[in-house]
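As a basis for the values below, the full set of heavy atoms in this structure was taken, side chains included, without hydrogen atoms, waters or symmetry mates. Quick note on labels: first sequence line is chain A, next is B, and so on, each numbered from 1. If you're wondering where the values come from, they're calculated on a predicted model, not measured in any experiment.
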Number of protein chains: 2
Amino acid sequence: MARPTPQTHGDILAAAARRFAATGYRGTSLQDIASEVGCSKAAVLYHFANKEAILTELMAPAITVLQSLDDRIAAQPDPASAQQVAAEGFVDLAVRFRREIALLRGEFPELLQQPVFAHIHEISERLIDAMAGRSERASARICALVLLAGIAETCGQFAEVSDEELRDALLALLRRALEPVH
Amino acid sequence: MARPTPQTHGDILAAAARRFAATGYRGTSLQDIASEVGCSKAAVLYHFANKEAILTELMAPAITVLQSLDDRIAAQPDPASAQQVAAEGFVDLAVRFRREIALLRGEFPELLQQPVFAHIHEISERLIDAMAGRSERASARICALVLLAGIAETCGQFAEVSDEELRDALLALLRRALEPVH
DNA sequence: TCAGAGGCTGACCGATCGGTCAGATCGGTG
DNA sequence: CACCGATCTGACCGATCGGTCAGCCTCTGA
C-alpha cells in the first residue's frame, strides 16, 4: 500500500508528533507510531535511523530558533535590554513552537541527555540569567525560573487560544512578574 | 545482613526517594532501588506490594495536605478570598513538600494515571480556577496555570534556599503576577 | 525483458522491565 | 529440641522495548 507515494517519511513524522504529544517520548513506542501510520515498525526504522532521529527532526526548527535567540541575548549591551529581549524572544518562541514544546512536556530532565538537546541546558541557564536581569538575588532567579518553566510546561495546552492572544497574555504576565533590573 | 534491624522498609523508602528525585519514577527500576539499599529486588517487593506502592507511601502526606487545601478553598465565600487562600496554601504546600514534588518532576502527565493521584486532576483544576479568581478570561487562566505549573516544576530545585526565603519569593511573585479579581 | 533500486515486511535479537516463587536463613517460643 | 513466622535471596517468568536482518514486492529504465 502507498506504493507510489514516498510520503511515508512525513506521515511518520506527523504520527510521531501526535503520539509524543499524547503520551510523551518515552511513553511512545516505535510500534505505537507504526500503528498510527499503518505500517510496520521496521518501516519506521527504514525512514529513520532510530527513535531519537525522529525526535531530532521534529525539534530541529525550534532548536535553531532558540539558539539564535541565545545569540541575540548575548549581544545585548546591558541587563535591562537583555531581560527584555529574553522575555519577548522566549514568549515568541514558546507560542510559535508550542506544539513542539508540548512534545517534551513532562520529560525535560531525561530528554535533555539526548544529543539534540546537547546545549539546551546552558542556553536555558543563560536565558534565566537574562530574565533575572543578571541578578544574583535568589528571588530574582526563582522568579525567572518559575516563569520560564511554567511557560514551557503549559504553552502547549492552550490549543484553542490564538497565537496573538497567547503571546499578549504571556508578555503581560512576564512584564508584571519579572523583577525589574536593579 | 541487617538481620536484627527491620528498618529495611524505611531504608527502601529513603532510597526510592533519592532515586526517584534523581532519575524520575519511570526512570528508576526496582533493581536501582534495591542496589541503593543493598538488598535484592525481591526484598523490595517483600516490603512493598509493587513499585507503585512505594510512590504512594512517599506521596501520601503531600496528597493529604493538598486535599485539605482543596476543601479550604471550596469553603471560601468569594473569589477574592479563594484566590488568596489558594495562592498562600499552594505556596506553603510547594515549599513544605518540595522534595516530594520534585520526585514527580517531568512525569506529571503519565503519573497522574496512578491511583494515588486519582483526584489530583480535578483538584488542580479547582486550584487554577481559584487562582484565576474564578474568571473565565483566557489571560487569567493562562496566568494561573503558568504560575502553578512553574512552581510545581521548579520548587524542588532550590535546595539551597531556606523555606522562609523560598516562600517569601514565591508569594511575592504570585502577588505581582496573578490578575486581581475583577 | 530483466536488472536493480527503493520501499517495506515478518521474524527475530538481546536487554530490561515489573513481578512471582520456592526455598534458605534467622530469632524467638514452646 | 522442634517448630514458626518474619525476612530475604536467586532463579525465573512474560511482556515490552529499540533495533537488526534477509528477503519480498513493485516500479523504472536501459
Side-chain angles (χ1 to χ4, degrees), chain A residues 1-20 22-59 103-104 106-107 109-111 113-117, chain B residues 1-20 22-59 103-104 106-107 109-111 113-117:
Chain A
M1 49 197 79
R3 215 47 41 95
T5 58
Q7 70 187 28
T8 314
H9 187 96
D11 289 346
I12 292 170
L13 222 44
R18 284 192 300 273
R19 298 308 305 152
F20 288 166
T23 56
Y25 177 73
R26 278 178 306 173
T28 300
S29 69
L30 292 172
Q31 185 56 61
D32 290 336
I33 298 170
S35 299
E36 178 126 348
V37 174
C39 68
S40 70
K41 187 179 69 167
V44 173
L45 288 165
Y46 169 78
H47 287 280
F48 294 88
N50 46 42
K51 191 183 178 185
E52 185 201 315
I54 304 176
L55 184 67
T56 302
E57 194 160 322
L58 279 173
M59 300 304 297
L103 305 190
L104 308 177
E107 315 222 22
E110 286 79 12
L111 233 47
Q113 313 280 23
Q114 307 260 7
V116 211
F117 304 117
Chain B
M1 49 198 78
R3 213 50 40 91
T5 58
Q7 68 187 30
T8 315
H9 186 96
D11 289 348
I12 292 170
L13 222 44
R18 285 193 298 274
R19 298 308 305 151
F20 288 165
T23 56
Y25 177 73
R26 277 177 307 173
T28 300
S29 69
L30 291 173
Q31 187 56 61
D32 290 338
I33 298 170
S35 298
E36 179 126 347
V37 174
C39 68
S40 69
K41 188 180 66 168
V44 173
L45 288 165
Y46 169 76
H47 287 279
F48 295 88
N50 47 42
K51 191 184 178 186
E52 185 201 316
I54 305 176
L55 184 68
T56 301
E57 195 161 321
L58 278 174
M59 299 305 297
L103 306 190
L104 308 178
E107 314 222 24
E110 286 79 12
L111 234 46
Q113 314 279 26
Q114 309 259 7
V116 210
F117 304 117

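Atom P of nucleotide D/dT7 and atom NE2 of B/His47 are separated by 6 Å, given to the nearest angstrom. Rounded to whole Å, the distance from NE2 on A/His9 to P on C/dG6 is 16 Å. The NZ-P distance, from A/Lys51 to D/dG19, rounds to 8 Å in whole Å. Between A/Leu30 atom CG and D/dG18 atom P the separation is 5 Å, expressed in whole Å. Atoms CD (B/Gln31) and C1' (D/dT9) sit 12 Å apart, rounded to a whole Å. B/Gln7 has its CD atom 14 Å from the C1' atom of D/dT7, to the nearest Å. Rounding to whole angstrom units, CZ of residue A/Phe48 and C1' of C/dG6 are separated by 16 Å. Atom CD1 in B/Ile33 sits roughly 13 Å away from atom C1' in C/dG19 (whole-Å rounding).
Checking C/dG6, C/dT9, C/dG19 against every side-chain atom of B/Asn50, the shortest atom distance belongs to C/dG19. Distance from the side chain of B/Lys41 is smallest to C/dG19 among C/dT9, D/dG19, C/dG19.
Heavy-atom distances to DNA chain D give each of A/Ala42 and A/Tyr25 a nearest nucleotide, and the one nearer the 5′ end belongs to A/Tyr25.
Between the side chains of B/Ser35 and B/Asp32, no donor-acceptor pair of N or O atoms lies under 3.5 Å. Under the 3.5 Å distance criterion, with hydrogens and angles disregarded, a donor-acceptor pair is assigned to the side chains of A/His9 and A/Glu57.
OP1 or OP2 of D/dT7 lies within a sub-4.0 Å distance of a side-chain N or O belonging to B/Tyr46. Between A/Ser29 and the phosphate of D/dC17, there is a side-chain N or O to OP1/OP2 separation shorter than 4.0 Å. Between A/Thr8 and C/dG7, a side-chain N or O to OP1/OP2 separation shorter than 4.0 Å is absent.
Of all the heavy atoms in A/Thr28 and A/Arg19, the pair that sits closest is OG1-O, 3.2 Å.
Residue-level contact check: A/Leu45 touches the bases, meaning some heavy atom is under 4.0 Å from a base atom.
The shortest distance between side-chain heavy atoms of B/Phe117 and B/Leu55 falls below 4.5 Å.
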Verdict with reasoning, B/Thr8 to B/Asp11, per side chain to side chain donor-acceptor pair (under 3.5 Å): CA-CA 5 Å; B/Thr8 315; B/Asp11 289 348; 5.2 Å; no

